[in-house]
Amino acid sequence: MKNLILLSTGAVLLPQLWKAKAAEAAWNADGGAVNAEGRDSLLGIPIQETNFEFSSLQNRETTDAIVIHHVGNTNRDVSAAEIDRWHKNNGWAGIGYHFVIRKDGTIERGRPMDMLGAHCYGENWHTIGVNIVGEFDNNEPEPAQMQSAAKLLAALCRYYGIAPDRQHIVGHRDYNSTACPGQLLYDRLPRLVTMTRKYY
């Protein structure tokens with residue numbers, strides 16, 4: 001009640017607090033939404049919580065595409081926590097990707113799902129960013145990563161009402177001038193979309 005002003009028969013939320021409260025509500029709805037079996041309550045698939053802290057975030061109002069990335073500079077099994085440190089060192093609010101898929105197929109939460117990402121220049125306003133860790137110009141993604149990616153993409157497509165096709169599941173290079181997500185993963189995107197449809 002401390003953020004309300006009572007006016008005769010109604011109440012008004014202070015305008016300067018509205019955006020902060022809306023963002024806070026979205027963060028709370030997104031983080032910590034994993035049940036006792038480790039399944040995300042919104043997506044229905046296992047997701048490893050990370051509980052990262054962000055300096056500031058904005059709500060994303062539209063979601064109509066999913067962008068696939070790779071780490072690119074190493075083929076190590078990089079964690080979401082390590083990427084979060086890299087991105088904070090760049091002066092960002094925190095990890096720019098919404099999800100990170102490890103070599104063993106574990107899906108880790110990055111940035112809260114309904115928040116504006118920092119993963120695809122000029123396209124963050126309408127996209128979810130998924131990083132499949134590795135360097136895929138010279139290395140192939142692990143089968144476990146592809147299976148987990150298909151399940152995650154299917155769940156995201158269901159949740160946001162996105163068609164599971166190549167128009168809506170794209171590689172970073174489809175939007176920006178970059179080698180990401182690496183040629184060997186990019187070549188597998190049609191197969192990944194086919195796998196996604198099986199779980200959709």
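Hydrogens, waters and symmetry mates are skipped; everything else that's a heavy atom, side chains included, is used. The structure displayed is predicted, hence computed values, not measured ones.
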The reported gap from NZ in Lys88 to OG in Ser55 (rounded to nearest 0.5 angstrom) is 8.0 Å
Shared ILVMFWY cluster between Tyr200 and Ile47, side chains joined below 4.5 angstrom? no
Any donor and acceptor pair, going by atom type alone, linking the side chain of Asp104 with main-chain N or O of Thr106 inside 3.5 Å? yes
Is Ile162 close to Leu156 at the side-chain level, that is, under 4.5 Å between some pair of heavy atoms? no
Residues in side chain to side chain contact (heavy atoms under 4.5 Å, CB included) with Leu184, at least two apart? Glu140, Arg188
Do side-chain atoms of Arg158 reach the backbone of Tyr199 as a donor and acceptor pair under 3.5 angstrom? yes
Quick check: closest heavy atoms across Thr196 and Pro164, and the distance to 0.1 Å? CG2-CB, 4.0 Å
Donor-acceptor contact below 3.5 Å, side chain His70 vs main chain Phe136: yes
Side chain of Glu135, backbone of Asp137: donor and acceptor closer than 3.5 Å? yes
Taking all heavy atoms of Phe54 and all of Pro112, pick out the closest pair and write down the distance. CE1-CD, 3.6 Å
Asn75 side-chain N/O to Gly134 backbone N/O, donor-acceptor pair under 3.5 Å: no
Ring centres of His119 and His172 under 6.0 Å apart? no
Should Trp92 and Ile83 be regarded as members of a common hydrophobic cluster, given that ILVMFWY residues are connected when their side-chain heavy atoms come within less than 4.5 Å of each other, either directly or indirectly? no
Ignoring hydrogens, what is the shortest heavy-atom contact between Ala149 and Leu192? Give both atom names and the distance. CB-CD1, 3.9 Å
Taking side chain as C-beta onward, heavy atoms only, is Val133 less than 4.5 Å from Val100? yes
Taking only residues two or more places apart in sequence or in another chain, which ones pass salt bridge (charged side-chain N to carboxylate O under 4.0 Å, His left out) with Glu123? none
Sorted by chain and number, sequence neighbours left out, salt bridge (charged side-chain N to carboxylate O under 4.0 Å, His left out) with Asp187 holds for none
Does some side-chain heavy atom of Thr50 sit less than 4.5 Å from a side-chain heavy atom of Asp84? no
Ile68 side, atom CD1; Asn131 side, atom CG - distance, nearest 0.5 Å: 9.5 Å
If you apply the rule side chain to side chain donor-acceptor pair (under 3.5 Å), what do you find for Glu108 with Tyr97, and how did you get there? CA-CA 10 Å; Glu108 295 179 336; Tyr97 308 110; over 6 Å; no
With ILVMFWY side chains joined below 4.5 Å, transitively, what does Trp125's cluster contain besides itself? Leu116
Checking Tyr159 against Asp40: is there a side-chain donor and acceptor pair closer than 3.5 Å? no
Compute whether any side-chain donor of one residue and acceptor of the other, for Thr178 and Asn176, lie under 3.5 angstrom apart. no
Nearest 0.5 Å, what's the OG-CD1 distance between Ser79 and Ile95? 8.5 Å
Sub-4.5 Å side-chain heavy-atom contact between Met195 and Leu153: no
Residues that Glu142 engages under side chain to side chain contact (heavy atoms under 4.5 Å, CB included), provided they are two or more places apart: Lys103, Gln145
Work out which heavy atom in Ala93 is nearest to a heavy atom in Leu57; give both atom names and the distance. CB-CD2, 4.2 Å
Hydrophobic cluster partners of Val67 (side-chain heavy atoms under 4.5 Å): Val170, Tyr175
Decide yes or no on side-chain contact (heavy atoms from CB on, under 4.5 Å) for Trp86 and Val71, but give the supporting numbers first. CA-CA 11 Å; Trp86 293 345; Val71 171; 3.8 Å; yes
ILVMFWY cluster, Ile101 and Ile45 together (side-chain gap under 4.5 Å): yes
Is the shortest side-chain N to carboxylate O distance from Arg76 to Glu82 below 4.0 Å? yes
Which is it for Tyr160 and Asp64 under the side-chain contact (heavy atoms from CB on, under 4.5 Å) test, yes or no, and what are the steps along the way? CA-CA 7 Å; Tyr160 287 108; Asp64 61 12; over 6 Å; no
Note, His168 side chain near Ile66 side chain (heavy atom, < 4.5 Å): no
Of all heavy-atom pairs between Pro181 and Gly171, which one has the smallest distance, and what is that distance? CD-CA, 4.0 Å
Is a side-chain donor-acceptor pair under 3.5 Å present for His87 with Arg111? no
Min side-chain heavy-atom separation Leu185-Cys180 under 4.5 Å: no
Show your reasoning for whether side-chain contact (heavy atoms from CB on, under 4.5 Å) applies to Met115 and Arg60. CA-CA 5 Å; Met115 294 291 124; Arg60 188 182 61 256; 5.5 Å; no
State whether Tyr186 and Arg173 meet the cation-pi test: NZ (Lys) or CZ (Arg) under 6.0 Å from the six-membered ring centroid, and within 45° of the perpendicular axis. yes
Given side chains that start at C-beta, do those of Leu152 and Phe99 come closer than 4.5 Å, heavy atoms only? yes
When you check the gap from the basic side-chain N to the acidic O, do Arg166 and Asp174 get nearer than 4.0 Å? yes
Of all the heavy-atom pairs spanning Ile107 and Ser148, show the shortest one and how long it is. CD1-O, 3.8 Å
